[in-house]
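None of these values were measured; they are calculated from a predicted model. Chain letters run A, B, ... following the sequence lines, proteins first, then strands; residues in each count from 1.
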Amino acid sequence: MIDAFMIIAYVMVVGIAIGAVAALLQKDLLRAAFLSGAESIALAFLFQALLAPDLGLTQAIVATVLMPGIIIIGIFKTRRHEEE
Amino acid sequence: MIEINLQLLCFMAAALLVVIGLGGMLFLDNIIKKIIAFTLLSDGVNLALVTLGYVEGGIVSILEPGTSAGAFPENAVLIFGPGIVLTNIVIGVSTTAVLVAVTMVLYRRYGTLKASKVLKGERK
Amino acid sequence: MNESISNLWSIPLFIIIPILTAIALNIMYNRKKAISVTAVASSFALVVISALSPFGFHWFTGHPAVLPTGGYTYRADLLGWRLSLEYYYGPLQQIAIFLASLLLLFVVMISIKSLKKNIGPYISLLFLTFMSSAIVIMVNDFYHMWIGVEIGSLIVAGVVLASGEAVSQKAALKYTFFSALSGAGLAIALALILGVTGYSNISDAIKAMPLSNGSLASILYVAFGFTVLSWVYAGGLAPIHPLKADVYGASFPHATVLLQAQSKLMLVAIGLLLLRVFGTLPFAKEVMLSISVLTMMLGVVMAMLQTDFRWTLAYLIVSHSGLVTLGISLGTVQGIIGGLFQAINDVVYMSVLLLACEGVYYFGRGTSIKSVSGIAKRAPWLAIAAILGAFAASGVPPFNGFQSEIILIQASLNYGMPELAIVVLMVSVTTFIALFKGIYNIFLRPDDALNNNEKTGTPVPKILYACLAALIFITVLFGVYPQLAINFLTEAALKVVYIPWVP
């Protein structure tokens, strides 16, 4: 017995897993930062589903703006591609 | 066969995130990648904490005007998880900022992001 | 029900004054005169407040405690459910915060003299270090404990970075990465305890602890493990002691004075928490004891191997943390008194040694025993201070190290483990050897490489000598009249052993 709500939750969990693994496998650090942000947004949906809407909002803001922003500043001050 | 409900699913996602994050922090060589792995780890911990407080079929733990005071404590999800997680998100951001700052300083000195090269240094 | 809220006035000041001062100093960035006036005035105010303040509680949100018989009360000594985030300022907190603020005053004065640029942000970090240690020693709830440890470890990274060497930047990177792990662990431990007991206040959690229930006790083991992880991290104990030793060695010696005071206070606070909350679990004390023995052994062995006086001191601080841990994890009244007394003495005599090491810096040739020698001829008082500090650290009467180590030895004999007494003796003997290897080479060995006419470096500031004199006075005072300090510690030890739910 799987309803639409659980299907969305499954999709989000799969999105989290793919986002996390893909972020760590990227050679381009900028793309890795954005992918980790996408993973965090899927997490925000899960927070909403777990009846913590305040956390969902906070996580959405932090994940889209702050975390990638800080990491991107770091990337622009250092280098964009992983060296061999 | 255990029926997979939302709580179990989220615990599995949290465990996955923690494992991926720990593995990334330990085995990846790039410092920025290590920092991203750390954010994954803290996301996993946050998810685990929120999931701990979840009540199946509960209500959001905000006392709205319509809710009856008697039914609220029985149905509301536990508040401690979100309380800690709100702080943990903020701490995660500030830790990330400190880590990125240190990484920038180290990059200026060594010209590389490889942890194996940067941290190899010998002490006098 | 005519009771009024009796929140103590001084407890918020210990948190607010450092934060406001830090903000103000950050704004004043590099204006030396304004910075020195503000910083010295507010750290002096902290010393005065901690000395004059009465004992009492501060309850956030002013919830009254719920009595078991029904009804409410604001009196903290009655048995009731506190239900609130709570700070307690008692005798232990008074002596710890007094010493920490005194060290803050000294360190602020010295760093104003010795730094050339970025004085404002640096001194504001020192103030925040003091704030985090004050939080951790005063709290009686898990939530603020966690916040204090997290803030403290981030600030430590900042203080270490300030010295600007490659070693310190690497140490800061490693320390911050590990702070992520231990912070996450402490958060999970906190959530588990909250889930098992339902209370964030430590007193309430202890009263509600379901030790008879088997399945919940296994959750407590997980919580214990994560709390021990953060204890080991915050105090710099055995399995990960190189992290903390790197931090001590890589920062400025005067900053290390505050850093080691902070980590000693965290060690004491989290150790007492472990005893109060998990003391009844089987194996809890054994785990803590084995960590302490490992720390002492590894610390002194590593200290003997170092050639730089800074790193010798760093590893000695780690190994003496093991002495504090030993006393606390014995779990008897005598042992806890010994551990707390050792923590206080340790902070004082290590500060003497670190400030003497700071004095060596002014001669401009580093602190390695290979590069610098013959300081005693040019700065005899510095040499005398270092030698007195070394005597205190290695437990020679009439200094304070002797008094606390004798209590620790008696406590471990009474506990029925004479092996521990032998380890304590071994630590003090090897401390002596490691210190005198450094002190002989730096201060006493005749200077052959350099002719004495060439004066390198800058003169040592007078304020450093004044601080050294004050600290040596405290070591002798506690060595001759140990009861002065022990009177402050007895209450805390008795409470932890007999009535652990009272803060």
(request) Considering only heavy atoms and a distance below 4.5 Å, find which of B:Leu22, B:Val45, B:Leu52, B:Ile84 pairs most often with chain C. (result) B:Ile84
(request) Look at B:Ile91, B:Val18, B:Val85, B:Leu41 and state which one has the largest set of heavy-atom pairs under 4.5 Å with chain C. (result) B:Ile91
(request) Determine whether the side chains of C:Asn441 and C:Ser373 contain a donor N or O and an acceptor N or O closer than 3.5 Å. (result) no
(request) May I ask you to check whether C:Tyr122 and C:Lys117 show a side-chain donor-acceptor distance below 3.5 Å? (result) no
Contact class of [X] relative to chain B, heavy atoms under 4.5 angstrom:
X        : result
C:Lys370 : neither
C:Ile188 : both
C:Glu150 : side chain
C:Ser153 : neither

Return yes if some donor-acceptor pair links the side-chain N/O of [X] with the main-chain N/O of [Y] below 3.5 Å, else return no.
X        : Y        : answer
C:Asp141 : C:Ser200 : no
B:Ser94  : B:Val90  : yes
C:Gln262 : C:Ser132 : no

[X] versus chain C, heavy atoms under 4.5 Å apart: side chain, backbone, both or neither?
X       : result
B:Ile35 : both
B:Leu49 : side chain
B:Thr95 : both

(message) Shorter than 4.5 Å, heavy atoms on both sides: which option in C:Ala172, C:Ala157, C:Ser368, C:Ala166 has the most such pairs with chain B?
(response) C:Ala166
(request) Could you tell me whether the side chain of B:Lys33 reaches within less than 4.5 Å of the side chain of B:Leu113, counting heavy atoms only? (result) no
(request) Give a yes or no on whether the ring-centroid distance for C:Phe177 and B:Phe38 is below 6.0 angstrom. (result) no
